Amino acid sequence: MAGDSGAFDDLLHEDRRFDPPADFSRDAVAQPEIYTRADRDREAYWADWAAELEWFEPWSTVLEWTPPHAKWFLGGKLNVSHNCLDRHLDGPGRTKPALIWEGEPGDTRTYTYEELHAEVCRFANGLRSLGVGRGDRVTIYLPMIPEAAVAMLACTRIGAIHSVVFGGFSPESLADRNNDASAKVLITADGGWRRGQPIRLKSNADAALERSPTVEKVVVVRRGGTLSDTLGVTMEPGRDVWYHDLLADMPRTCDPESMDAEDTLFILYTSGTTGMPKGVVHTTGGYLTQVAATTKAVFDLKDDDVYWCTADVGWITGHSYIVYGPLANGASVLMYEGAPDTPDQGRFWDICQRYGVTIFYTAPTAIRAFMRWGEQWPAGYDLSALRLLGTVGEPINPEAWMWYHRVIGGERCPIVDTWWQTETGAIMITPLPGVTTTKPGTATRPFPGIEADVLDEKGDPSHAGYLAIMSPWPSMLRTVWGDDQRFRDTYWSKWDGIYFAGDGAKRDDDEYFWILGRVDDVLNVAGHRIGTMEVESALVDHQSVAESAVVGKSHDIKGQAIAAFVTLKDGIEPTDDLMAELRAHVGEKIGAIAKPEMVVFTADLPKTRSGKIMRRLLRDIAEGNAVGDTTTLADPEVVRRLKQKYEEDG
Ligand code: WTA
C-alpha cells in the first residue's frame, strides 16, 4: 500500500499554517474545551449530544460493545423525521425555509419547516396506504429534487428502511439493489435535468423492474416544467402511481412511529472489493446523534446560515449533510439539481450570490474543475456572504486547497477538510473551524469523541500505515445487509476489535492525519467509490472479452481515473470501435461514472506463477512509472510488451 505514497512525503513538510480568524473563534459553536470534555468521558460526551435530540423514551445504557457489534443508546425511542421537522415547528422555526431548491433550468421551490413537515406527512400517509410499514424496504431513485428529501423523511416517519440509489446508476445496478434489499416499493420520477439533458429515470426504472420481483408498487414523481411535458412515460396500471395522485387526499399530519435507537434507518450500497456492492446498514439513534453533532460543530451552524452541500442525495454525503444533519439542526438547506457548468461555469457562484450562501461544502474534484475553468468565474460574483468552506470525498491536494482558500474563501473563510466514509455515517477526522490551525492537505484531527490512529499490519501504531478507528462511534455501520460475515471480514478481520477503514494514512509531528487514499481494490473517481471488480465483471460480461484487469490512474481533475487492461477472446480484432463499445457496455452495466477513461488491449495480463493478476505492475504501467519488481511473474516478457504497447498507444 503506502509504497505508492512517496509523493506524499513532500506533503508532510507542508509548513503553511492557517489559524482560525479571531472573530470566528470567539463566536464558534465548538470551543477548545470540547476535546477535553470528550477525552474525560467519551460516553457521557456522546450522551450529551444525544440529549440535544428529542426522545420519546430515554435510553438506559449509552453503549454496549461486543466487537464488532455496537449498540448505542439502548432502549431509547425516537423518530428521525420528528427530530428533523416537528420539533422545529414550535417557534420561529415554523416559517423558516427548510429546503431552498433550484432546478437546473432555473425553476425554484422553497419549503418552510411547516410546509416540509406537511409534505412529508402526506407522503408518509401515502406510503402507508400502499402497505408500507415498519421495517419494509423502499428504494428511492430520484434526481436532486425536493421529493428526494421528502421521500427519505417520509420513510423514517413510518419506520420504513430506505435505500437511495444514485440517479446515475444503470437499470441493472438498480435491480441488483432492489433485489438485495427485497424492496417492496420503488420511488422514482419521470426524469431530471443534468447538463441540459433530461435523465430518463422512469424508463431506467421500468427496465430494472423487469427483474425486480419483490417490488409491488412504484411511485412516480412528476419533475415538472418542460421536462414533464416532453418526457412521455408509461405507467403500468395496478403497479405505478403518480406521486401527486397519491398525495391528493392525504392528511397533512401523520403520527411518527416510535423507533428503537437500534432500528435500521437506512441501507446505502457502496462499492467494495467484490463485484456486488455492499448494503451498509445504519441505525437510528446513534446515526442521528453523530450527524447532528458534527453538522453543528464542524459547520459551525448558526440560525441565520444558508447552508449548501453540493453532493447528490444518492451518496452518504447527501444523506448525512444535505438531509439529516442540517434538518436535525433546523438549518436552511440549499439544494441544486444540476451541473456546475450549466448554463455556464459560473452557475455555483451565481447560486451562492443569489441565495447568500454562508456555508459551502463540496468535493476536491469540483474544486479542481473550478480551478481549470478559471478565476474569472467566481470573480464575477459577490461571494462575501460565505464564511466557512468544506471538502469531502478524496484527499485534497494543497494547490487546490490554497485556491479554494484564496479565490472562493477570500482568505477569510476557514476550510474544514472532512474525512469519513459511507460506513462511518458521519464526519470522523476534521478541523473544528474556530479551533484548529489548518494546513493545506490534511484533515487534521479526529472529531472529539472519535479515537483514530495509524497502524501497521500487525496493529502497532506507526507514522505511516493504515487508518484505524480504535473504538466504536455512534454513527458506525452496524452490519452489511444480509451478510454479517462480510461485515466482519471487510472491516474487523485485520486487527482485533479495531475498525479497518481501507485508507492509507500518515501522521505528522503535529499528530495531524494525512489520508493517502484507498489501499484496497476500491477506486475513488471524482469522489465516487467504484470497485475494480465491478468494472472487471462488467467488462468480461461483454461477448468479446476473455479477461480484464482494472486499476486506478492519477487524473488532474478526477483524482483517479479508470484504466482497463483487456484480453480479447481468440479471433476478435482490437479496434477503436470495440474500445468505444466496451466503455459504453460498462456504462450500461453500472452507470456512466464507471466508464473506463482508457482501455488497453493486450494479448496477456501479467500474472504470478499461481495465476494472480499483478495489479501493482499494471498501476505502474498506467502511471507511466518505472515498473517495479517483476521477479514473481510467470512471464516477465508480458510486462515489457504491455508497457511498450501502452507507450505506443499514448
Ligand atoms: C475518501 C464519502 C481524503 C477515503 C464521505 C474514504 C477522503 C472514501 C476524504 C469514502 C478526505 C473521503 N480526505 N480522503 N477528506 N473524505 N475520502 O464512502 O478514501 O463515498 O475511504 O464516503 O473517500 O468514500 P464514501
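Computed from a predicted model, the values in this text were never measured in an experiment. Whatever order the structure lists them in is the order used to number ligands and atoms, beginning at 1. These values consider heavy atoms only, across backbone and side chains, with no hydrogens, waters or symmetry-generated copies.
In terms of protein heavy-atom proximity, atom 21 (O) of ligand 1 is nearest to Asp503 OD2, 2.6 Å. Of the protein's heavy atoms, Arg529 CD, 3.6 Å lies nearest to atom 20 (O) of ligand 1. Distance from atom 18 (O) of ligand 1 to its nearest protein heavy atom, with residue and atom name: Thr422 OG1, 2.6 Å. Counting protein heavy atoms only, atom 16 (N) of ligand 1 is closest to Gly393 N, 3.1 Å. Here the heavy atom of the protein found nearest to atom 13 (N) of ligand 1 is Glu394 O, 3.3 Å.
Of all the heavy atoms of Ala443, none lies under 4.0 Å from any atom of ligand 1, so neither backbone nor side chain is involved. Counting heavy atoms closer than 4.0 Å to ligand 1, residue Ile396 contributes nothing at all.
Under a 4.0 Å criterion applied to the non-hydrogen atoms of Asp417, ligand 1 contributes the atoms 11 (C), 13 (N), 15 (N). Those atoms of ligand 1 that come under 4.0 Å of a heavy atom in Thr418, given as number and element, are 9 (C), 11 (C), 15 (N), 16 (N). Against a heavy-atom cut-off of under 4.0 Å, Ile515 is close to the following atoms of ligand 1: 3 (C), 14 (N). Within the listing of ligand 1, atoms 1 (C), 23 (O) sit less than 4.0 angstrom from a heavy atom of Asn524.
Taking the six-membered ring for Trp, Tyr491 and Phe500 have ring centres at least 6.0 Å apart. The aromatic ring centroids of Tyr287 and Trp72 lie 6.0 Å or more from each other.
The distance criterion of under 3.5 Å between nitrogen or oxygen atoms is not met by Thr317 with respect to ligand 1. Ligand 1 has a nitrogen or oxygen under 3.5 angstrom from a nitrogen or oxygen of Arg518. Residue contacts with ligand 1: Glu423 is placed with no nitrogen or oxygen under 3.5 Å of a nitrogen or oxygen of the ligand (distance criterion only).
A side-chain donor-acceptor contact under 3.5 Å links His282 to the backbone of Ser475.
By the 4.5 Å heavy-atom criterion applied to side chains, Cys413 and Leu388 are not counted as neighbours. Side-chain contact between Thr156 and Tyr324: present, with at least one pair of heavy atoms (C-beta onward) separated by less than 4.5 Å. You'll find the side chain of Thr438 stays beyond 4.5 Å of the side chain of Arg17, heavy atoms only. Using a 4.5 Å heavy-atom threshold, the side chains of Trp473 and Ser471 count as separate. With a 4.5 Å cut-off on side-chain heavy atoms, Leu523 and Ile562 count as touching.
Heavy-atom separations between Trp420 and ligand 1 include at least one value shorter than 4.0 Å.
A cation-pi arrangement is not found for Arg445 relative to Phe513, the charged atom failing to lie both closer than 6.0 Å to the ring centre and inside a 45° cone about the ring normal.
Residue Glu52 places its CD atom among more than 12 non-hydrogen atoms of other residues, nucleotides or ligands, all under 6.0 Å distant.
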